[in-house]
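Keep in mind that what you see is a predicted model, and the values were worked out from it rather than measured. For ligands, and for the atoms within them, numbers begin at 1 and follow the listed sequence. What's counted below: heavy atoms across the whole structure, side chains too, no hydrogens, waters or symmetry copies.
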Amino acid sequence: MSDGASSSATQTPSVAPSVLVIFGASGDLTSRKLMPALAELIDRKFLPEHFSVVGVARTEMSDDDFRTRMHEAVQPALPSWDTATAQFRYITGEYNEPATFAKLDEVLNEFEVAMGGVCNRLYYFAAPPSTFPILVDSLGQAGLNQPTTPGGFVRIIVEKPYGRDAESALELDRVVHAVFDESQVYRIDHYLGKETVQNLLALRFANAIFEPLWNRQYVDHVEVTVSESIGVGHRGGFYEEAGALRDIVQNHVMQVLALILMEPPATMDANGIRDEKVKALRSVVDFPETDLDQRVVRAQYDIGLVEDEKAIGYRNEEGVSPQSSTETYVAMNLKVDNWRWAGVPIYVRTGKRLPKRITEVVMHFRAAPHLAFAQKMSKKLEPNSLIVRIQPDSGISLRFGAKVPGQAFVVRTTSMDFAYDEQFTEEDLDGYERLLLDALLGDQTLFIRSDEVHEAWRIVTPLLRAFADPDFPLARYAAGTWGPTESDAMVQRDGRKWRQP
Ligand code: NDP
Ligand code: BG6
């Protein structure tokens, strides 16, 4: 991989002495995702002896309160985590106050001395996106945007969503690039840290047998499903502002799509891969301004039954307006205008409160041109498909026709299945573990480059505009079902249907 060392489990990565500064240290992401990820990295000795954390947020806490909170965020506790948290520091402060950053400078200098003169800095923006510009500005004003030692590093990890639409993302870039060079910026999307998302690259570019079929000549259509059984839980307030488009489509879905559609990269390094991803996203055709509802379905869940439990409707969730028109489900029919994919529809659906949690990509191949034995078969043979299951139970299935034993020549669809955890015993790193480690190692491959973000916003911006119009149809579906009938109708108009995962 790219600029830094690889974090592959088979090599020993070497992270330089560093401090992770977390803005938003009293929040949900820090406790639920970042601390468990760090604890795992520390326990598996991926991080150096000289590594620590400084938390920054407005909540009043002493160093000891913060240490206790971070310690409790990891269950069951690990002895190595006890030792690590004992060094953590906490700063109470506003992000627009110079005093907060003067204090941060002081604490980082103390670490630098304690670490023998070298203390690299990784700033993690785990606070609300509205604070990102002021954080960048304040770090710049305080002169905390440059390494203090030759060869050292200062990097920022920026959480999603990066902007609210095409214009605000450009504006955020302008602010960020006034203080940090693009090589210091790590825009995170935890989907890219998933082993199985990365496996899309291996499947396509480490095997000679799939790539010749991976184009308009053999592929009839592509289906991407990101389905969740959970509702919005306590995140109603956040979700009202985001909706499925900003929460899942603009980032996770677009990243998976880019990996499916892209051309083979010249090199497997950060720019090699990201150059091809951005080219692929650029080929996705703008949605039309008229008849958009023929290509896009937005919907919201009503009361229903999910995994045998009663679920309330979205409008009754905590923090949600009883008149809300925020989409909890989106289905889209995307077109791609390039040599490889022209004429191949890409159907995408994502939603909360669907029957189960599953993320998968299905390549539906064209039907065999002629079936000499077709008249002997009572059921139409389904065309071949390749199912890449990203989560859960990660794996790959190839569905094909095989002769049913017996005298008659009857062919039935069957499948060859590969399950990740049956084949590999190696311990993998989860999304946040992998990405934190990569950022510390200086490997930007699995982070999103500025131009990718803008292409993803370009694709979804016409939908954001349309959804802001109260007249745009808002379909409804019962919680625990596979979405509204309008979504089935959208693919049926093309003579196709969604796969039942
Ligand atoms: P929370 O609301 O739980 O936490 C926000 C944090 O930011 C708190 O520590 C809060 O601390 C701090 N904060 C907020 N405003 C200010 C301010 N003006 N000055 C100083 N501190 C501030 O949010 P999450 O942890 O859920 O999300 C954080 C980021 O991570 C968001 O960008 C979100 O989109 C992203 N994210 C979250 C995921 C999750 O699962 N939670 C998943 C993917 C992305 P205090 O009130 O003490 O100031
Ligand atoms: C987050 C979204 O980015 O991804 C959540 O904000 C969503 O709404 C989550 O539930 C899904 O992630 P995963 O890894 O569970 O598929």
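Atoms of ligand 1 found under 4.0 Å from any heavy atom of P129, numbered from 1 in the order shown, are 32 (O). Using a 4.0 Å cut-off to heavy atoms of K352, the atoms of ligand 2 that qualify are 5 (C), 7 (C), 8 (O), 10 (O). Close approach of ligand 2 to H252 (heavy-atom distance below 4.0 Å) involves ligand atoms 1 (C), 3 (O), 4 (O).
Not a single heavy atom of Y239 sits under 4.0 Å from any atom of ligand 2. By the 4.0 Å heavy-atom criterion, K33 is excluded from the residues contacting ligand 1. Residue contact annotation: P161 has a non-hydrogen atom under 4.0 Å from ligand 1. Heavy-atom distances between Y432 and ligand 1 reach below 4.0 Å in at least one pair.
Protein non-hydrogen atoms do not reach within 4.0 Å of atom 23 (O) of ligand 1. Shown here, atom 40 (O) of ligand 1 is in close reach of the protein: a heavy atom of it lies under 4.0 Å off.
E486 and Y329 form no side-chain donor-acceptor contact under 3.5 Å, judged by distance and modelled atom types alone.
Remark: among candidates H190, E159, K33, K160, the nearest residue to atom 13 (P) of ligand 2 is H190, based on non-hydrogen atoms. Among A57, A126, G55, G24, the residue whose heavy atom lies nearest to atom 28 (C) of ligand 1 is A126. For the residues T131, D189, I188, D28, the heavy atom positioned nearest atom 26 (O) of ligand 1 is part of D28. With distances taken over non-hydrogen atoms, the option nearest atom 8 (C) of ligand 1 out of S26, P128, G93 is S26.
Note on ring orientation: taking the six-membered ring where Trp is involved, the planes of H221 and H364 are parallel (angle under 30°, cut-offs 30° and 60°).
Atom NE2 of H190 is separated from atom CD of Q255 by 12.0 Å, given to the nearest 0.5 angstrom. Once rounded to the nearest 0.5 Å, the distance linking CG of D105 with CD of E110 reads 10.5 Å. In this structure, L354 CG and T481 OG1 are separated by 7.0 Å, a value rounded to the nearest 0.5 Å.
The single protein non-hydrogen atom nearest to atom 6 (O) of ligand 2 is D247 OD1, 2.6 Å, given as residue, atom name and distance. Among all protein heavy atoms, the one lying closest to atom 5 (C) of ligand 2 is R235 NH1, 3.3 Å. The protein heavy atom nearest to atom 15 (O) of ligand 2 is R357 NH2, 3.1 Å. In this structure, atom 16 (O) of ligand 2 lies nearest to the protein heavy atom Q391 NE2, 2.7 Å. Summary of contacts: the protein heavy atom closest to atom 14 (O) of ligand 2 is K194 NZ, 2.6 Å.
Remark: ligand 2 and E228 share an N or O pair separated by less than 3.5 Å (distance only, no angle test). Considering backbone and side-chain N/O of F132, none are found under 3.5 Å from N/O of ligand 1. For ligand 1, the polar-atom distance check finds no N/O of F125 at less than 3.5 Å from any of the ligand's N/O atoms. Between R235 and ligand 1, not a single N/O pair is under 3.5 Å apart.
Classification of E72 and R67 as a salt-bridged pair fails, no side-chain N sitting under 4.0 Å from a carboxylate O. The pair K160-D247 meets the salt-bridge criterion, with a side-chain N (NZ, NE, NH1 or NH2) lying under 4.0 Å from an Asp/Glu carboxylate O.
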